[in-house]
Amino acid sequence: MPATLKDKIDHSALPEHIAIIMDGNGRWAKQHGKIRTFGHQHGVEAVRDTAEACAELGIKYLTLYAFSTENWVRPKYEVNALMTLLVSTISAETKTLLKNKIRLLTIGDISKLPADCRKSLNECMEKTKNLDRMNLVLALNYSSKWEIAEAARTIAGKVEAGELKSKDVDEKLFASFLSTAGMPDPELLIRTSGEYRISNFLLWQIAYAELHFTPVLWPDFRRNDVYQAIIDFQKRERRFGGIKPVTKQHA
Ligand code: IPE
Ligand code: IPE
Ligand code: MG
């Protein structure tokens with residue numbers, strides 16, 4: 001049998017955390033002569049296949065950028081469609097998450113999401129909270145600048161209240177006030193749709209991530225694209241500012 005892409009993966013050197021900027025739904029819909037929301041609907045299939053592939057491989061964290069703080073400027077019908085899709089997908093997929101032992105988490109200010117979205121997210125997070133095969137982290141109403149400003153504000157409040165000393169504020173403490181506190185930083189960041197930008201996603205956490213850009217539009221993204229990104233990642237020489245042989249201090 002010819003070797004598959006999956007066979008080319010070194011299972012002893014997998015990233016622990018993969019983050020994905022899922023982009024290109026609108027262009028995919030346009031290519032199919034349909035309205036943008038058709039692309040979002042088909043994006044769900046890509047999410048399902050990607051999450052399943054990552055869980056099977058043993059990836060511990062998969063973070064998906066689903067809605068940015070900037071996305072609110074889109075037409076109301078599109079924002080509504082995205083929120084409705086989120087509710088229906090979470091409700092429909094909870095069974096699969098339970099079966100596959102995947103825990104659902106969110107980052108971002110979900111208090112600003114519609115009540116039915118918060119309800120289905122909270123229910124799903126509660127049902128899956130003790131599962132540990134993989135953490136599926138949805139970035140919702142998320143942006144990195146928001147998150148960093150929030151952390152700074154909280155820390156400043158604690159200093160003001162005398163609960164913290166300013167001399168104790170270092171990288172480790174700061175990271176513990178980000179919404180990703182307790183999670184390893186992503187070693188691999190994927191962006192689909194051929195755009196070469198980060199769009200306000202995990203700016204702090206990707207300080208040393210390997211970046212993988214693919215022209216594939218998100219609704220077409222499948223497990224083979226995940227495998228390809230991991231194979232690409234495994235070819236990179238990660239130096240963390242050092243010289244070969246690698247002294248991995250930022251792990
Ligand atoms: C990504 O696809 C989905 C979200 C940002 C919610 P887009 O909707 O940005 O699709 P394009 O980039 O316009 O093709
Ligand atoms: C980034 O995609 C946000 C999400 C994938 C949720 P966008 O389509 O919003 O980003 P820009 O506008 O191309 O930077
Ligand atoms: Mg886009």
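Note that ligands are numbered from 1 as they come in the structure, with each ligand's atoms numbered from 1 the same way.
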For ligand 2, which atoms sit closer than 4.0 Å to a heavy atom of R197?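 Answer, ordered by atom number: 11 (P), 13 (O), 14 (O).
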Y61: which residues meet the ring pair (Phe, Tyr, Trp, His ring centres under 6.0 Å) condition with it, sequence neighbours left out?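 Y61: ring pair (Phe, Tyr, Trp, His ring centres under 6.0 Å) contacts with H17.
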By ring pair (Phe, Tyr, Trp, His ring centres under 6.0 Å) - contacts of W218 (at least two apart):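 Here the qualifying residues are F221.
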Quick check: F67 with Y142 (ring centres under 6.0 Å apart)?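 When the ring centroids of Y142 and F67 are compared, they turn out to be at least 6.0 Å apart.
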Taking the side chain as every heavy atom from C-beta outward, state whether L202 and D185 have any atom pair closer than 4.5 Å. no
Under a 4.0 Å threshold between the charged nitrogen and the carboxylate oxygen, would [Y] count as salt-bridged to [X]?
{"X": "K119", "Y": "E123", "result": "yes"}
{"X": "R48", "Y": "E45", "result": "no"}
{"X": "K112", "Y": "D109", "result": "yes"}
{"X": "R223", "Y": "E56", "result": "yes"}

For E160, is the CD atom crowded, meaning more than 12 foreign heavy atoms sit under 6.0 Å from it? no
Note on the Mg ion (ligand 3): protein N/O/S atoms within less than 2.8 Å are D23 OD1
Go ahead and list the nitrogen or oxygen contacts between ligand 1 and the protein that come in under 3.5 Å, distances to 0.1 Å, or just say none.
from     : atom 1 : to  : atom 2 : distance (Å)
ligand 1 : 2 (O)  : G24 : N      : 3.3
ligand 1 : 2 (O)  : N25 : N      : 3.1
ligand 1 : 8 (O)  : R36 : NH2    : 2.8
ligand 1 : 8 (O)  : R74 : NH1    : 2.7
ligand 1 : 9 (O)  : D23 : OD1    : 2.9
ligand 1 : 9 (O)  : R74 : NH2    : 2.9
ligand 1 : 10 (O) : N25 : N      : 3.1
ligand 1 : 10 (O) : G26 : N      : 2.9
ligand 1 : 12 (O) : D23 : OD1    : 2.8
ligand 1 : 12 (O) : R27 : NH2    : 2.7
ligand 1 : 13 (O) : R36 : NH1    : 3.0
ligand 1 : 13 (O) : R36 : NH2    : 3.1
ligand 1 : 14 (O) : G26 : N      : 3.3
ligand 1 : 14 (O) : R27 : N      : 2.8
ligand 1 : 14 (O) : R27 : NE     : 2.8

Please report the C-alpha distance between R191 and S199 in whole Å, then the side-chain angles of each, then the deciding distance to 0.1 Å, and finally whether the side chain to side chain donor-acceptor pair (under 3.5 Å) criterion is met. CA-CA 10 Å; R191 182 170 188 145; S199 301; 2.8 Å; yes
